[in-house]
Every structure is written in C-alpha cells, then in structure tokens.
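Any value given below was found using the heavy atoms of this structure, including those in side chains, with hydrogens, waters and symmetry copies removed. Here is how names work: the chains are called A, B, and so on, in the same order as the sequence lines, proteins then strands, and each is numbered from 1. All of these numbers come straight from a predicted model, not from anything done at the bench.
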2 protein chains.
Amino acid sequence: MPTIQEVAKMAGVSVATVSRVLNHSEAVSSATRDKVQAVINQLNYQPNLLGRNLRRSETRMILVLLQNIANSFYSKVVKGMEDVAHDHDYHVLICNTNTDVLLENVYLDFLKNKLVDGVIFTSPAMDKDAFNQLAKRYPVVLCNEYKPGIEAPVITIDNEAAGYEAANHLIRLGHKKIGMISVNAVGSSNARIQGYKCALTEAGLEVNEAYIVNQTFSYKGGMRGIKCLFDLQEPPTAVFCISDIIAVGAIKELKRKGLSVPQDVAVIGFDNNSIAPMYEPSITTIAQPRYDIGRKAMEVMLQRIQGVGDQHAITTMEHELIIRHSTLPSR
Amino acid sequence: MPTIQEVAKMAGVSVATVSRVLNHSEAVSSATRDKVQAVINQLNYQPNLLGRNLRRSETRMILVLLQNIANSFYSKVVKGMEDVAHDHDYHVLICNTNTDVLLENVYLDFLKNKLVDGVIFTSPAMDKDAFNQLAKRYPVVLCNEYKPGIEAPVITIDNEAAGYEAANHLIRLGHKKIGMISVNAVGSSNARIQGYKCALTEAGLEVNEAYIVNQTFSYKGGMRGIKCLFDLQEPPTAVFCISDIIAVGAIKELKRKGLSVPQDVAVIGFDNNSIAPMYEPSITTIAQPRYDIGRKAMEVMLQRIQGVGDQHAITTMEHELIIRHSTLPSR
DNA sequence: CTGTTAGCGCGTTCAC
DNA sequence: GTGAACGCGCTAACAG
C-alpha cells in the first residue's frame with residue numbers, strides 16, 4: 001500500500017507536486033507530470049481518500065435512506081439520483097432503515113460525523129420536529145414523501161390530484177360504491193384520500209368512511225383490506241389501493257372469493273410498480289416519474305450543499321394515470 | 001461544529017482525555033468523565049470520524065455491491081449481513097452496479113482508497129481474473145453466485161442439487177417433456193442446468209438441448225422463453241425457470257396462449273421471491289435461505305478482515321423445494 | 001489517572 | 001514550476 005510520500009521520493013519530487021498531479025492542477029510542467037504519473041502507475045498507487053476527505057472536510061458522498069431496498073419503486077429513483085451525482089463527482093450510498101428510528105439514527109450519525117455530505121430521506125422514521133431540527137443543521141432532502149410542516153426541500157407528486165384522478169377514473173367507469181385501501185404510515189396517503197373524497201363529492205356521491213380502510217403496506221394488507229370491505233352490508237364495486245402491492249393482495253383475495261376483476265370489482269393501484277403490468281389481470285395505476293424524481297432530488301441536494309436555491313422549496317412532479325385490465329369497463 | 005480541541009479546552013482537560021471518554025476507556029476517573037461528558041452534551045459535540053478513521057486506518061464499513069436494488073431477493077440477504085455487522089460494530093453500505101464494469105470499478109475504488117474495509121459481491125461484473133487479482137489484495141467475499149476458479153470465500157447453495165430437485169419434482173408429477181428457461185449471465189445457471197440434465201438422465205428421459213433456452217433475467221425473458229419452447233414441434237408439458245420473475249413471464253405468456261397452469265403446463269421457478277406466493281397461480285419454487293446466506297457472508301467477511309479462517313472456503317447453504325399451485329398434479 | 005507528543009495521508013498556503 | 005512547512009481531527013505511546 002504505497003503512500004504519497006513514497007511516490008514523491010521515487011519520482012524525485014515533493015509530495016506537493018504529486019498532489020498537484022493527482023488533482024490535475026495546471027501548475028505543473030508536463031515533463032514532471034509524466035514522470036510522476038509513471039511512478040504512480042508503476043507503484044499502482046491509490047490515494048488514501050481518508051486523508052483527502054479529512055483535509056477537505058468533504059466526502060462527496062450522499063447517503064440515501066430507504067425503508068427497504070426490496071421496494072422496487074425506489075430502484076429507478078435511485079438510478080436518477082446516481083446519474084446526477086456522478087455528473088458532479090458525487091457518489092450515492094444506500095442504507096436500509098427498516099422503518100426503525102434507532103437504525104435511522106445510526107445512519108444519520110454518518111452525516112453528523114462527516115462521513116457523508118448529505119442525506120436524502122424517502123420516508124423518515126423520526127417525527128417531524130426531529131426531522132426539522134436535523135434539516136436545520138445539515139443538508140437533508142425529502143424525496144417522494146411529504147408531511148405538512150416539513151422544513152426542508154421536498155420532491156413529490158401532487159398526491160391529492162393523483163388520488164382525485166384515480167377515483168375519477170372509477171367514477172367515469174360507472175362505479176358508485178368505491179372503496180379505498182390506505183396505509184396510515186404513508187405520509188402521502190392523507191392527500192390521496194383527500195383527492196378521492198373530492199372526486200366522489202364532485203360526482204354527487206356520498207363519502208362513506210367505512211369504505212376507507214387502513215392496512216399495512218403489503219400484499220397481505222391488500223387481502224385484509226378486501227376482507228374488511230366485503231364484510232360490509234353493501235360492498236364496493238371498485239377499490240382504489242394506495243399501492244400496487246396492495247392492489248395485488250386485493251385482487252388475489254377477490255379471486256379467492258370467486259369474484260372476477262374487473263368484471264365484478266374494479267381495482268386501481270398506485271406507483272406503477274413493475275408488478276403492475278405483469279399481474280393477471282394487469283393493474284391500472286398512477287405512475288410517478290421515478291427517475292426524474294430521483295434526478296431532481298439529487299439536484300436539489302447538491303444545491304443545498306452549495307447553499308444556493310430555496311432551502312424549503314416543494315418541487316411537484318407530474319404523475320400519470322395508466323389504464324390496464326384491472327379496471328376495464330365491465331360492459 | 002465543535003472539535004475535540006474545543007471540548008478539551010472548555011472541560012479544562014487535554015484532548016487525550018476527551019478521546020478516552022469518547023472511546024469508553026476505563027482509565028478515566030468518573031469525576032472527569034462526568035465533567036467531559038457534560039461539555040460534550042452541552043456543545044452537542046459529534047466526533048469527526050474522518051479523523052478517527054484516518055488515524056486507525058479502518059472505517060468499519062462493508063460495501064455490498066448489488067446489480068440492482070430492485071431485485072427483492074437480496075433484501076433479506078442484506079438484512080442478514082446488517083445484523084451480523086451491527087453485532088460487531090460494523091456498518092453496511094449498499095451500492096448499485098447495474099451490471100456495469102465501469103461503475104463497479106468506481107465503487108471498488110472505495111475499497112482501494114480505504115473508504116470501506118471490505119466488499120461483498122453478489123454478482124461481479126468484472127471477469128474472473130480481475131476478480132481474483134482484487135481478492136488477493138483486499139477483503140472480498142462472493143455471495144450467492146459462483147464461478148469455477150474463483151479464489152475468494154464464497155457463500156452459495158448447491159445449485160446443481162437444487163436444479164436436480166426442481167427437475168425431479170416435475171418428473172415425479174409424470175412429466176416427460178420438460179423445458180428449461182435459463183440465463184447465460186447468471187453464474188449459477190450452468191450448475192442448475194447440470195442438475196436438470198442429471199435428473200432427466202437418471203429418470204431415463206433423453207436430454208433435448210432445444211428444450212433449454214437462454215433468456216434475459218426478466219419477466220419478458222420468461223415470455224420470450226415460452227414463445228421459443230412453444231415454437232417447437234413438440235412443446236414441453238412442464239418448464240423449469242431459473243428465477244421466479246422468469247416464471248411469472250412464462251405463466252403470463254402461457255395464459256395468453258390459452259393454456260392453463262398447472263393443468264396444461266406445469267411451471268417451477270427459483271428463489272422463492274416474494275411474488276411467488278402472490279402470483280396467480282402461486283409458484284412452486286426453490287427457496288434459498290436468504291437471511292442466513294447474508295449472515296454467513298458477513299461472518300466470513302469479518303473473519304477475512306481479521307485474517308483468520310480459510311480464505312478460499314466455499315460455504316454451502318441448504319435450499320428447499322416449496323410446492324405451490326403452479327405444479328400441482330393435473331389429475 | 002492525566003497530559004504531552006507524534007503522527008495517520010493528504011491538500012494548501014507561501015516562499016523561492 | 002516547485003518544495004517546505006503546517007494542519008485537518010483524531011488516537012496511541014510514553015511520561016509522570
């Protein structure tokens with residue numbers, strides 16, 4: 001493991017000159033540059049970035065906190081982040097929080113201890129106040145999840161409009177009894193419920209709170225949601241699920257009950273997860289511009305680090321209704 | 001951002017004493033410890049780990065390289081790694097390589113530049129020689145993927161036995177024409193094909209190379225695989241897919257052709273992906289002990305870092321056949 | 001039990 | 001265009 005000292009000695013120059021070559025400084029003659037570079041190649045020298053990072057007090061590393069890497073939704077979001085980061089000589093690190101506040105705090109220590117230059121949250125486990133406290137002192141961006149009162153840059157879609165659009169799609173198909181399977185823990189769920197209620201009201205349909213059931217963010221949550229809804233005296237003829245995974249569980253359970261989708265019950269999901277077109281039937285859903293969300297989040301983060309731009313801006317990205325077979329008109 | 005100097009000054013002690021308190025050294029009187037701790041709390045001091053890491057020349061960070069975080073298979077593997085790492089005061093970082101050699105090399109620089117203490121590969125993009133070269137100089141472990149000639153610790157299941165078991169399951173169900181959809185790029189595929197051939201031969205069935213088609217590791221790969229197999233004069237009555245995702249594509253395409261699963265064609269997948277029980281029909285598959293694979297990989301890594309244990313050992317984990325509805329006997 | 005000293009490997013003035 | 005000297009923040013060896 002050669003050090004910069006050894007390179008300098010072997011090249012017959014000072015460490016400063018080696019450093020200049022390493023950092024592509026203009027102020028070095030091409031002759032010495034070649035000489036130094038030759039030694040670097042010969043020794044297969046790799047600069048120790050711990051030294052550099054300490055000296056510069058920056059790491060050019062951005063940490064992305066995911067609740068669970070298995071959530072394929074974030075795959076393309078992260079890709080967008082990476083592409084922007086790499087364009088600016090930054091790197092992306094990913095860590096799992098498992099929705100565990102303790103674990104989240106462990107990773108936040110990376111930020112506080114200067115091991116990373118910024119953190120992009122997807123779904124903070126900590127409460128709003130703690131989050132704001134953190135955002136005040138460190139570069140922090142919230143990606144794709146929004147709670148009112150957040151004082152940090154936020155990238156999100158208009159969840160209320162998206163919820164409205166989803167419900168409206170079902171209404172236009174002629175449905176009058178429309179259920180909803182939501183998740184309390186998801187910050188955007190309230191906005192989506194709001195949009196759903198708005199669409200119903202606007203169409204002259206009454207909002208039945210019993211039609212809105214809260215479940216876990218999972219396949220099984222979808223199954224249980226259907227069980228709840230179909231225990232009602234008048235079950236819905238259409239169901240808006242807050243995620244495609246939940247929609248899958250819902251459809252599975254409907255089939256188990258001998259009901260067919262979309263003929264007996266229409267189902268719409270959310271996110272345009274990769275499973276949505278694959279499932280049988282393929283699932284109507286709201287697509288989020290995942291890659292662009294990731295790009296934007298990283299752009300905002302890099303601005304945040306440089307201290308430019310509005311530090312509390314909410315960036316709203318466009319969503320899109322994608323109609324597939326789980327909501328085809330029944331006639 | 002207070003430094004250790006300021007803490008020392010304000011507490012009226014030397015930086016060494018502060019360092020001792022920070023590192024829970026016994027050799028500190030409880031009086032001064034309390035005094036120092038009070039200042040630390042008051043200043044909300046967070047040690048700069050860049051300094052510590054440089055000094056100790058270790059980071060206690062392990063980098064896990066994934067081709068794609070969307071592959072939910074690795075979610076539990078990573079969980080296993082994390083649990084072991086945390087027990088030993090190590091941390092896990094995840095990076096995406098997108099099967100890109102260039103990107104992989106960028107992340108390997110983290111290792112060469114001392115930013116992480118070790119790297120666990122899941123599926124190296126580089127060739128075998130480059131991998132061995134790397135493994136010779138740095139702590140490297142290969143998790144869940146194996147190529148012959150690898151000179152590094154490897155954690156894997158017995159893919160040949162698993163392939164044998166999958167094929168044998170179909171044979172016992174009475175199938176005689178058994179197709180296979182494989183993926184060239186997956187290192188373990190050859191072993192699985194070997195097991196498949198072995199089972200057929202043992203059952204007195206002839207191995208028909210046209211029944212083994214190579215596809216991409218994806219849903220669409222499964223669809224295309226079925227198209228290939230059913231272009232044959234005598235299509236198979238059962239198909240062994242090298243992954244559950246491929247099995248999903250296969251089933252989808254079979255249904256499109258008006259064939260029903262498992263009545264007309266039986267399908268078996270691999271990995272016990274979360275989609276396997278969710279799909280319609282639920283998918284028979286080979287389960288790998290993902291969590292334990294992750295744990296073991298990290299244990300081996302930590303040994304590797306300490307220079308103990310066999311540095312070229314292959315650890316074989318147990319797999320399990322899980323029978324679901326995609327291969328139920330047709331009668 | 002505590003302080004002094006000396007680096008870890010590197011980047012950066014400031015001379016020359 | 002190049003080198004000497006200093007310090008980033010921290011830990012470890014040695015005194016006392």
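Annotation for A/K35: atom NZ counts as buried by contact number, over 12 foreign heavy atoms lying within 6.0 Å. Other residues, nucleotides and ligands place no more than 12 heavy atoms under 6.0 Å from the CE atom of B/M10. Counting non-hydrogen atoms of other residues, nucleotides and ligands closer than 6.0 Å to NZ of A/K147 gives a total above 12. Atom CD of B/Q46 has more than 12 neighbouring heavy atoms from other residues, nucleotides or ligands inside a 6.0 Å radius.
Of all the residues in residues 16-25 of chain B, B/A16, B/T17, B/R20 reach under 4.0 Å from DNA chain C with at least one non-hydrogen atom.
Rounded to whole angstrom, the span from the CD atom of A/Q46 across to the C1' atom of C/dC10 amounts to 15 Å. Protein atom CG of A/L49 is 18 Å distant from nucleotide atom P of C/dC8, rounded to whole Å. Distance, A/M1 CE to C/dC10 P: 12 Å, rounded to whole Å. If you take CD of B/E58 and P of C/dG9, they are 14 Å apart, rounded to a whole angstrom.
B/N113 contributes no side-chain N or O that, together with a main-chain N or O of A/N48, makes up a donor-acceptor pair within less than 3.5 Å. Panel note: side chain B/E104, backbone B/M126; a donor-acceptor pair is recorded below 3.5 Å.
In this structure, A/D292 does not pair ionically with A/K296, as no charged nitrogen and carboxylate oxygen lie closer than 4.0 Å. Here A/R60 pairs with A/E58 in a salt bridge; the nearest charged N to carboxylate O distance falls below 4.0 Å.
Within the 4.5 Å cutoff, the side chain of B/V18 has no heavy atoms near those of the B/Q5 side chain.
Where B/S57 and B/A31 meet DNA chain C, the nucleotide closest to each residue was compared, and B/A31 sits on the side nearer the 5' end. Projected onto DNA chain C by closest heavy-atom contact, B/R55 and B/A27 fall at different nucleotides, the more 5' of which corresponds to B/A27.
Overall, the helix from C/dC1-D/dG16 to C/dC16-D/dG1 carries an axis bend of 40° between its ends, with five pairs at each end and the value rounded to 10°.
Checking A/D129 against A/Q133 by side-chain atom types alone, no donor-acceptor pair falls below 3.5 Å. Between the side chains of B/Y291 and B/D83, a donor-acceptor pair is found at a separation under 3.5 Å.
As judged by a 4.0 angstrom heavy-atom cut-off over every strand, B/L54 is placed among the base-contacting residues.
Residue A/R52 places its side chain closer to C/dG11 than to any other of C/dT4, C/dG9, C/dG11.
Boundaries of the chain A contact region on DNA chain D are D/dG1 to D/dG9, first to last in 5' to 3' order (nucleotide atom under 4.0 Å from a heavy atom).
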